[in-house]
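Remember, predicted model here, so these are calculated numbers, not experimental data. Each ligand, and each atom within it, is numbered from 1 in the order the structure gives.
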Amino acid sequence: MAKIIINGGHKISGAVTIGGAKNSTVALIPAAILADTPVNFDNVPQILDVKNLQYILAAMNVRSNFENGDLSIDPTTITESELPSTAIKSLRASYYFMGALLGRFGRATVTFPGGDNLGSRPIDQHIKGFEALGATVTEVGDLITLDATAHGLTGARVTLDTVSVGATVNIILAAVKAKGQTIIENVAKEPEIIDIATFLNNMGANIRGAGTDTIRITGVDRLEARNTHTIIPDRIEAGTYMSMAAAFGDGVTIKNVIPEHLESYTSKLLEMGVDMQIGEDSVYIGPSHDLKPVSIKTMPYPGFATDLQQPITPLLFLASGESTIVETIYPKRNKHIAELRRMGAELSSLNPGEIKVNHSERLVGATVEAAEIRAGAALVIAGIMADGQTVIENATHILRGYDRLADKLASLGVDLKIEGVDLINLMP
Ligand SMILES: CC(=O)N[C@H]1[C@@H](OP(=O)(O)OP(=O)(O)OC[C@H]2O[C@@H](n3ccc(=O)[nH]c3=O)[C@H](O)[C@@H]2O)O[C@H](CO)[C@@H](O)[C@@H]1O
Ligand SMILES: C=C(OP(=O)(O)O)C(=O)O
């Protein structure tokens with residue numbers, strides 16, 4: 001079981017470069033199996049989710065090679081195979097193999113995905129989309145079987161009942177080679193969805209409207225990669241380092257950022273009074289003084305991201321009064337609260353989805369547990385701020401999605417070590 005051990009209390013400074021977006025990468029890799037040629041990605045983050053996706057690809061006889069942030073995938077020898085359920089369960093985005101395998105073979109059998117424990121995470125909207133395109137969906141226990149081999153997939157109009165990133169991408173993957181036109185309404189507008197549409201369109205797909213409420217897809221027969229796809233920077237990783245820098249920094253530059261992807265986040269930091277200079281593709285955060293409390297409500301993009309409500313929390317401890325967070329996407333996403341309280345922080349949740357964060361004068365190191373990736377990110381920041389040693393157990397959740405965490409934090413001056421994870425395999 002991986003552990004992160006931090007000797008806190010030392011201010012951070014310097015520069016950190018943000019990696020490729022986890023939530024793009026974990027969709028692009030399954031999307032690659034739709035290609036009729038090998039595909040190449042760069043700016044790929046070194047995260048456990050990528051390793052597990054490579055493992056799943058290998059089970060389908062799809063070779064992949066990952067070095068120095070460059071990932072090549074050759075899906076031309078793909079075979080239909082049983083997918084390794086432990087790897088499928090290790091991450092949420094394994095659900096993209098449903099759409100991608102449907103698009104490739106007209107059928108798929110995939111174990112219900114894993115991913116972080118944020119409360120209930122249904123996939124009914126994904127299924128609704130697959131059925132609209134003509135797939136028969138059967139669920140037996142944990143196994144979901146999708147089958148459209150009798151008549152093939154045919155374009156259809158699908159209106160999502162809930163704005164869902166996963167359902168939007170999964171329906172795109174299934175529709176991209178379907179017969180005719182698919183129209184998906186009430187879709188998610190996250191930048192990662194635009195990234196995936198760009199990758200597929202550059203291979204010859206016909207996807208229009210990514211980034212708006214309605215996406216139109218006209219099916220094509222072949223997808224051929226002609227160039228390397230550069231993955232967009234991870235806005236959640238960037239937001240995490242911005243919070244860390246504002247909470248306990250002496251001047252930190254965060255590079256490889258698309259500031260437009262973080263507007264609802266940076267506007268909250270500015271409202272608090274964080275010293276921030278936003279450049280074209282970088283953000284400088286100066287030392288913080290006299291921060292004000294804020295009210296935050298998580299919303300689908302372009303609203304305040306649920307994936308940043310926990311990472312911003314340690315910064316809220318510095319504010320002069322009580323801040324409130326309303327978590328509308330995952331009301332039970334509060335596994336950080338008890339752990340931060342163990343470190344001396346004052347925060348509580350009396351009603352589901354409502355968190356009150358108070359000024360907390362001093363944090364002290366403790367042994368805590370990362371129940372999920374962003375709860376873990378909050379603990380990393382708190383551990384850096386705390387006096388003494390913090391041991392974060394169950395740190396695999398954090399390493400699922402934070403690129404080269406140990407190297408990046410060490411370069412900012414953090415005294416930390418990671419134990420119990422196969423680091424050699426995570427190195428370039
Ligand atoms: C791999 C990936 O990209 N993960 C992100 C993705 O997760 P994920 O794609 O799983 O999240 P969704 O956007 O689908 O979920 C949004 C909301 O819709 C609900 N819902 C979703 C699908 C469905 O079929 N039925 C349904 O009711 C969910 O319970 C949740 O309340 O978006 C989340 C919300 O921004 C982020 O926290 C995750 O980091
Ligand atoms: C919840 C997250 O990831 P996943 O959907 O992969 O579990 C996240 O990145 O914050």
Side-chain angles (χ1 to χ4, degrees), residues 19-31 45 47-50 52-53 88-99 112-132 137 139 144 158-173 184 186-196 231-232 234-240 261 264-265 298-312 327-336 352-353 370-378 396-403:
K22 158 185 163 279
N23 288 349
S24 276
T25 307
V26 297
L28 289 166
I29 295 174
I47 53 175
L48 289 179
D49 275 8
V50 168
N52 279 305
L53 287 167
I88 295 276
K89 286 277 177 207
S90 77
L91 79 162
R92 184 75 190 157
S94 51
Y95 54 32
Y96 290 135
F97 283 111
M98 294 181 192
F112 199 86
D116 275 343
N117 174 10
L118 318 176
S120 150
R121 298 184 79 179
I123 57 165
D124 55 297
Q125 299 304 303
H126 305 230
I127 306 283
K128 177 180 174 176
F130 299 145
E131 287 179 334
V137 183
E139 289 181 50
I144 302 170
V158 187
T159 303
L160 297 181
D161 302 322
T162 313
V163 175
S164 159
V165 174
T168 303
V169 172
N170 237 339
I171 300 168
I172 294 176
L173 297 179
I184 325 171
N186 194 29
V187 295
K189 295 183 275 212
E190 270 69 359
E192 293 75 22
I193 294 169
I194 303 177
D195 201 21
I196 292 141
I231 300 174
I232 59 166
D234 194 311
R235 63 198 163 91
I236 309 300
E237 187 196 11
T240 302
H261 291 173
S264 45
Y265 189 70
T298 64
M299 300 288 280
Y301 188 85
F304 191 102
T306 167
D307 295 351
L308 283 170
Q309 64 95 347
Q310 290 153 308
I312 202 175
E327 169 57 77
T328 72
I329 312 283
Y330 297 113
K332 292 190 180 151
R333 199 169 198 183
N334 58 16
K335 307 282 184 303
H336 57 310
E372 50 114 334
I373 175 171
R374 309 301 169 190
T396 311
H397 288 293
I398 306 173
L399 303 173
R400 270 190 52 217
Y402 280 93
D403 175 50

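Interface of R374 with ligand 2, defined as ligand atoms under 4.0 Å from a residue heavy atom, comprises 8 (C), 9 (O), 10 (O). Atoms of ligand 2 lying under 4.0 Å from any heavy atom of K22, numbered from 1 in the order shown and given with element: 2 (C), 3 (O), 4 (P), 6 (O), 8 (C), 9 (O). The atoms of ligand 1 that sit less than 4.0 Å from any heavy atom of H126 are 24 (O). Each of the atoms 1 (C), 2 (C), 8 (C), 10 (O) of ligand 2 lies under 4.0 Å from some heavy atom of R333. Those atoms of ligand 2 with a heavy atom of R121 less than 4.0 angstrom away are 4 (P), 5 (O), 7 (O). Listed by atom number, the atoms of ligand 1 under 4.0 Å from I123 heavy atoms are 23 (C), 24 (O). Every atom of ligand 1 is numbered from 1 in the order shown, and the set under 4.0 Å from a heavy atom of G166 is 9 (O), 14 (O). Within ligand 2, counting atoms from 1 as listed, the ones closer than 4.0 Å to a heavy atom of D307 are 8 (C), 9 (O), 10 (O).
Under the 3.5 Å distance criterion, the side-chain polar atoms of S94 are left unmatched by any main-chain donor or acceptor of P113. The backbone N or O of I232 sits less than 3.5 Å from a side-chain atom of D195, completing a donor-acceptor pair. Of the possible donor and acceptor atoms, one in the side chain of Y265 sits under 3.5 Å from a partner among the backbone N and O of G239.
For the pair R333 and ligand 1, a heavy-atom separation below 4.0 Å is found. Put simply, part of I373 is less than 4.0 Å from ligand 2, judged by heavy atoms.
With contacts defined as side-chain heavy-atom distances shorter than 4.5 Å, the pair K22/I236 does not qualify. Contact of the N170 side chain with the F130 side chain is registered, since non-hydrogen atoms from C-beta on lie closer than 4.5 Å. Looking at V187 and I172, their side chains never come closer than 4.5 Å, going by heavy atoms from C-beta outward.
Here the closest heavy-atom approach between residue Q125 and residue I171 is recorded as O-CD1, 3.9 Å. Minimum interatomic distance between T25 and P45 (heavy atoms only, all atoms of both residues): OG1-CD, 3.3 Å. Closest of all the heavy-atom pairs between A377 and T240 is CB-CG2, 4.1 Å. Across all their heavy atoms, V26 and Y96 have their closest contact at O-CD1, 3.5 Å.
Polar contact check, R92 against ligand 2: no nitrogen or oxygen pair lies under 3.5 Å apart. Checked against a 3.5 angstrom limit, the closest N/O atoms of D124 and ligand 1 fall inside it. The distance criterion of under 3.5 Å between nitrogen or oxygen atoms is not met by K22 with respect to ligand 1. Between V26 and ligand 1, no N or O atom pair is found at a separation short of 3.5 Å. Every N/O-N/O distance between T306 and ligand 1 stays at or above 3.5 Å. Checked by distance only, ligand 1 and A93 stay at 3.5 Å or farther apart across all their nitrogen or oxygen atoms.
Between L48 atom CG and R400 atom CZ the span is 9.0 Å, to the nearest 0.5 Å. One finds the CG atom of D403 at 8.5 Å from the CG atom of D234 (value rounded to the nearest 0.5 Å). The OG1 atom of T168 sits 8.0 Å away from the CD atom of E190 when rounded to the nearest 0.5 Å.
Of the protein's heavy atoms, I329 CG2, 4.0 Å lies nearest to atom 17 (C) of ligand 1. For atom 8 (P) of ligand 1, the nearest protein heavy atom (residue, atom name, distance) is Y95 OH, 3.3 Å. T162 CG2, 3.2 Å is the protein heavy atom nearest to atom 18 (O) of ligand 1. If you check which protein heavy atom lies closest to atom 24 (O) of ligand 1, you get Q125 N, 2.7 Å. Here the heavy atom of the protein found nearest to atom 33 (C) of ligand 1 is Y330 OH, 3.8 Å. If you check which protein heavy atom lies closest to atom 1 (C) of ligand 1, you get N23 OD1, 3.4 Å. In this structure, the protein non-hydrogen atom closest to atom 13 (O) of ligand 1 is V165 N, 2.7 Å. Looking from atom 39 (O) of ligand 1 to the surrounding protein, the closest heavy atom is D307 OD2, 2.6 Å.
By the 30° and 60° cut-offs, the orientation of the rings of Y95 relative to H126 is tilted.
Taking a cutoff of 4.0 Å between a charged side-chain nitrogen and a carboxylate oxygen, E192 and R235 qualify as a salt bridge.
When heavy-atom distances to ligand 1 are checked against a 4.0 Å cut-off, V163 comes that close only through its backbone atoms N, CA, C and O.
Which of S94, A167, P122, P331 comes nearest to atom 22 (C) of ligand 1 through a heavy atom is settled by distance: it is P122.
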